[in-house]
Number of protein chains: 2
Amino acid sequence: MQPTAHAHRRRTSGRSVTAADVLDAAKTLFALRGYHGTSLKHVAALLEIRTPSLYNHMESKSGLLRDIVMETLADVRHEFEGVLATTATPAGQLAEATRVYALHHATHRREALIVSHETRHLPEPDLGQAQEMRRDHERRFRQIILDGAASGDFSVASPKLASFAIREMCVSVARWFREDGSFTPDDVAEEYARQALKLVGSKP
Amino acid sequence: MQPTAHAHRRRTSGRSVTAADVLDAAKTLFALRGYHGTSLKHVAALLEIRTPSLYNHMESKSGLLRDIVMETLADVRHEFEGVLATTATPAGQLAEATRVYALHHATHRREALIVSHETRHLPEPDLGQAQEMRRDHERRFRQIILDGAASGDFSVASPKLASFAIREMCVSVARWFREDGSFTPDDVAEEYARQALKLVGSKP
DNA sequence: CACACTAACTAACGCCCGTTAGTTCGTCGT
DNA sequence: ACGACGAACTAACGGGCGTTAGTTAGTGTG
């Protein structure tokens with residue numbers, strides 16, 4: 001997230017900082033400089049208040065990280081469940097799961113980068129819970145490909161490797177996507193969904 | 001790099017720590033906990049010496065990071081140039097470039113994770129130089145796909161997106177690959193090379 | 001109009017960081 | 001046998017960190 005120096009959305013009202021403002025500032029800075037590379041002084045400076053004032057709106061620095069990570073993982077799970085509920089065929093499910101996952105990483109870049117890079121810094125038991133949520137998504141995503149391979153809808157050498165490749169290629173969108181670049185989030189999401197079907201050799 | 005707690009290779013001789021030992025310990029810890037999440041005390045503890053003794057073998061903490069990043073990027077460039085020198089067709093070049101890039105990320109996981117996540121913490125001018133080397137690889141990799149699209153060897157909707165997808169899927173190998181898992185580095189590298197050709201709709 | 005509440009502030013805490021200085025001690029070449 | 005060297009050590013530095021305590025001022029409510 002180095003290059004695009006996009007302005008940070010300041011507090012909504014004219015006066016007082018809210019908990020949402022603090023979370024938003026933390027998202028920007030954790031994504032840009034990393035959790036340990038960001039001090040609460042940086043967060044406070046972005047909000048134009050002094051460091052101790054942050055404690056009116058948050059529990060602790062690690063609490064900020066926990067809230068960002070857990071909320072994001074819950075969003076992803078919710079989106080994934082929406083896909084399974086509305087689509088039945090393996091090809092449809094894989095295309096949709098890929099599309100919403102890629103879309104999420106293009107439209108929530110800061111949160112996605114934080115989940116990818118900073119989750120490891122969570123104290124237990126939050127770390128274990130976060131890892132379990134990620135593994136759950138991993139498992140269910142791979143299951144779609146296994147289903148497609150079993151039914152003959154897909155022709156894929158290694159469902160496991162294909163699953164890794166597709167998911168990680170979506171995750172990486174957060175790393176290179178630029179809001180002012182040549183693609184809209186929907187462009188990327190739809191092309192990635194097509195690429196996913198190619199990767200697993202989906203029969204037409 | 002959280003799960004596999006693989007043992008750290010200790011100094012080669014029976015007695016004295018070398019500069020290579022320090023670099024090796026730093027690779028392990030920077031990859032595991034991140035640059036700012038690792039203190040020199042951690043590095044020293046892994047080598048079973050006191051913190052100030054490190055300065056007999058290194059310039060500074062940021063110097064360690066610089067050496068790791070620059071050496072890794074130079075390796076990648078060298079490997080890529082070897083591919084271009086020995087292969088002529090777009091399909092051959094793409095397959096080989098993908099294979100060696102994926103292989104590198106499976107066999108040099110620590111270094112790859114550090115380049116991906118910690119390069120941003122380099123002080124200038126090292127940061128600019130590192131970014132330029134990465135962009136150079138990016139450009140030359142994409143050029144292979146553009147060549148293949150121009151010659152009709154490939155049939156691809158967006159060469160730019162395909163290039164992002166393929167490179168990032170290789171980079172991500174460092175994130176999920178386990179030395180004690182079901183795949184050898186060569187398994188992954190060769191399957192990824194095939195997947196790359198599928199992604200760009202390689203004709204023959 | 002007084003009261004409670006909230007969100008800002010300053011001051012201070014204990015701790016850990018990267019780094020430097022100065023010292024000891026074993027090894028090896030002369 | 002001795003002197004130089006290299007690599008380890010202890011002690012100490014200045015500074016930044018996350019966090020707590022205690023205080024002030026402004027806002028909205030009875």
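Every chain is numbered from 1, with letters handed out A, B, ... down the list of sequences. Source: prediction; values computed, not measured.
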Rounded to the nearest 0.5 Å, how far does CG of B:Leu113 lie from CD1 of B:Ile68?
11.5 Å
Rounded to the nearest 0.5 Å, how far does CD of A:Glu79 lie from CD of A:Glu96?
11.0 Å
Going by ring-ring contact (aromatic ring centres under 6.0 Å, His included), name the residues that satisfy it together with A:Phe164, two or more places apart in sequence or in a different chain.
B:Trp176
Please state whether the rings of B:His105 and B:Tyr101 are parallel, tilted or perpendicular, taking 30° and 60° as the class boundaries.
perpendicular
With a 4.0 Å limit, can you tell me whether B:Ser16 has a side-chain N or O closer than that to the phosphate oxygens OP1/OP2 of D:dA8?
yes
Any side-chain N or O of A:His36 below 4.0 angstrom from OP1/OP2 of D:dC17?
no
Check whether the side chains of A:Thr184 and A:Asp186 place a donor and an acceptor atom closer than 3.5 Å, and report yes or no.
no
A:Thr72 and A:Asp75: side chain donor to acceptor below 3.5 Å:
no
From [atom1] of [X] over to [atom2] of [N], roughly how many Å is that when rounded to an integer?
X       : N      : atom1 : atom2 : result
A:Arg33 : D:dC17 : CZ    : P     : 10 Å
B:Asp21 : D:dG6  : CG    : P     : 18 Å
B:Leu47 : D:dA8  : CG    : C1'   : 13 Å
A:Ile49 : C:dT6  : CD1   : C1'   : 13 Å
A:Leu54 : D:dC17 : CG    : C1'   : 13 Å

Footprint string (nucleotides 10-21 of chain C, 5' to 3'): B base within contact, S backbone only, - free, heavy atoms under 4.0 Å
BB-----SSBB-
